[in-house]
Enquirer: 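This is the structure I want to talk about, given as structure tokens.
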Amino acid sequence: MKKLIAHAIAMMEKAYTPYSKYKVGAAVLTEDETIIGGCNVESSSYGLTCCAERTALFTAVSKGHLSFKALAVASKNGGTPCGACRQVIWDLCGNIPVYITDEHGNVREKESKALLPDAFDENKLK
Ligand code: THU
């Protein structure tokens, strides 16, 4: 998991954040042990901004990955995933460990089901 966390921290450098200046990096570990990174990419219209977690997961899906073992997210102060990302993490990953780290590598581990209790998901659509 050290490698996954280091990758998320490194991805902070790629963040495009001219508005908030708040850089976030993420990295997802796929079932076949591939690590795929992402960063937040901001829009001048703010609402079109894509968070680092979703950038990483959508990149992974676009590369053909659909099974995930863990996710790491990094920011200067160890901010937790936003609500929209919690939903997407649950939808695409189910219950996985989420490593939330600051830029120095101080890590907190949370399960994705703890981040989004009583989640709405595909089972409700049946
Ligand atoms: N941000 C993320 O990348 N992930 C989160 O889960 C929380 C927020 C980004 C979005 C925006 O670019 C900046 O952090 C400030 O909200």
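For ligands, and for the atoms within them, numbers begin at 1 and follow the listed sequence. Quantities reported herein were computed from a predicted structural model and do not represent experimental measurements.
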Enquirer: Can you tell which of Glu42, Arg86, Lys21 gets a heavy atom nearest to atom 13 (C) of ligand 1?
Expert: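 Minimum heavy-atom distance to atom 13 (C) of ligand 1 goes to Glu42.
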Enquirer: In Å, rounded to the nearest 0.5 Å, how long is the span from CE of Met1 to CD of Glu109?
Expert: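 So the CE of Met1 and the CD of Glu109 are separated by 8.5 Å.
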Enquirer: Does Pro81 have a heavy atom less than 4.0 Å from any atom of ligand 1?
Expert: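 The answer is yes: ligand 1 sits under 4.0 Å from a heavy atom of Pro81.
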Enquirer: Counting heavy atoms not belonging to Tyr16, are there more than 12 under 6.0 Å from its OH?
Expert: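 Open: at most 12 neighbouring heavy atoms sit under 6.0 Å from OH of Tyr16.
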Enquirer: Answer yes or no: does an N/O atom from Cys50 fall short of 3.5 Å to an N/O atom of ligand 1?
Expert: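 Checking ligand 1 against Cys50, no N or O pair falls under 3.5 Å apart.
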Enquirer: To the nearest 0.1 Å, how far is atom 3 (O) of ligand 1 from its closest protein heavy atom, and which atom is that?
Expert: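 Looking only at protein heavy atoms, the one closest to atom 3 (O) of ligand 1 is Ala52 N, 3.0 Å.
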Enquirer: Mind checking whether Glu53 has an N or O less than 3.5 Å away from an N or O of ligand 1?
Expert: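 So ligand 1 has an N or O lying under 3.5 Å from an N or O of Glu53.
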Enquirer: Could you tell me whether Glu33 and Lys69 have a side-chain N and a carboxylate O separated by less than 4.0 Å?
Expert: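 Salt bridge: yes.
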Enquirer: Note the single closest protein heavy atom to atom 9 (C) of ligand 1, along with its residue, its atom name and the distance in Å.
Expert: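 Heavy-atom neighbour on the protein nearest atom 9 (C) of ligand 1: Asn40 ND2, 3.4 Å.
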Enquirer: Contact between Thr17 and ligand 1, counting heavy atoms under 4.0 Å?
Expert: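 Judged by the 4.0 Å heavy-atom criterion, Thr17 does not count as contacting ligand 1.
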Enquirer: Within the side chain of Asn40, is there an N or O that forms a donor-acceptor pair under 3.5 Å with the backbone of Thr17?
Expert: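 Side chain of Asn40 to backbone of Thr17, a donor-acceptor pair under 3.5 Å: no, none is there.
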Enquirer: Is the side chain of Thr30 donor-acceptor paired with the backbone N or O of His65 at a distance under 3.5 Å, no angle test?
Expert: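 Checking the backbone N and O of His65 against the side chain of Thr30, no donor-acceptor pair under 3.5 Å is found.
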Enquirer: For Ser20, which part has a heavy atom under 4.0 Å from ligand 1: side chain, backbone, both, or neither?
Expert: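 The side chain, only.
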Enquirer: Less than 4.0 Å from atom 16 (O) of ligand 1, is there any heavy atom belonging to the protein?
Expert: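 When distances to the protein are checked, atom 16 (O) of ligand 1 has no heavy atom within 4.0 Å.
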Enquirer: Count the heavy atoms of every other residue, nucleotide or ligand shown that sit under 6.0 Å from CD of Glu31, and state whether that count exceeds 12.
Expert: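 Yes - once you tally the heavy atoms of other residues, nucleotides and ligands closer than 6.0 Å, there are more than 12.
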Enquirer: When you look at NZ of Lys124, are more than 12 heavy atoms from neighbouring residues, nucleotides or ligands closer to it than 6.0 Å?
Expert: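 Buried by this count: over 12 neighbours within 6.0 Å.
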Enquirer: Among all the protein's non-hydrogen atoms, which is closest to atom 8 (C) of ligand 1, and how far away is it?
Expert: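 The closest one turns out to be Cys51 SG, 3.9 Å.
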Enquirer: At a 4.0 Å threshold, what atoms of ligand 1 neighbour a non-hydrogen atom of Thr49?
Expert: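 Matching atoms, with element in brackets: 10 (C), 11 (C), 12 (O).
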Enquirer: Say whether, by atom type as modelled, one donor and one acceptor occur between the side chain of Ser112 and the main chain of Gly94 under 3.5 angstrom.
Expert: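 Judged by distance alone, yes, a pair lies under 3.5 Å.
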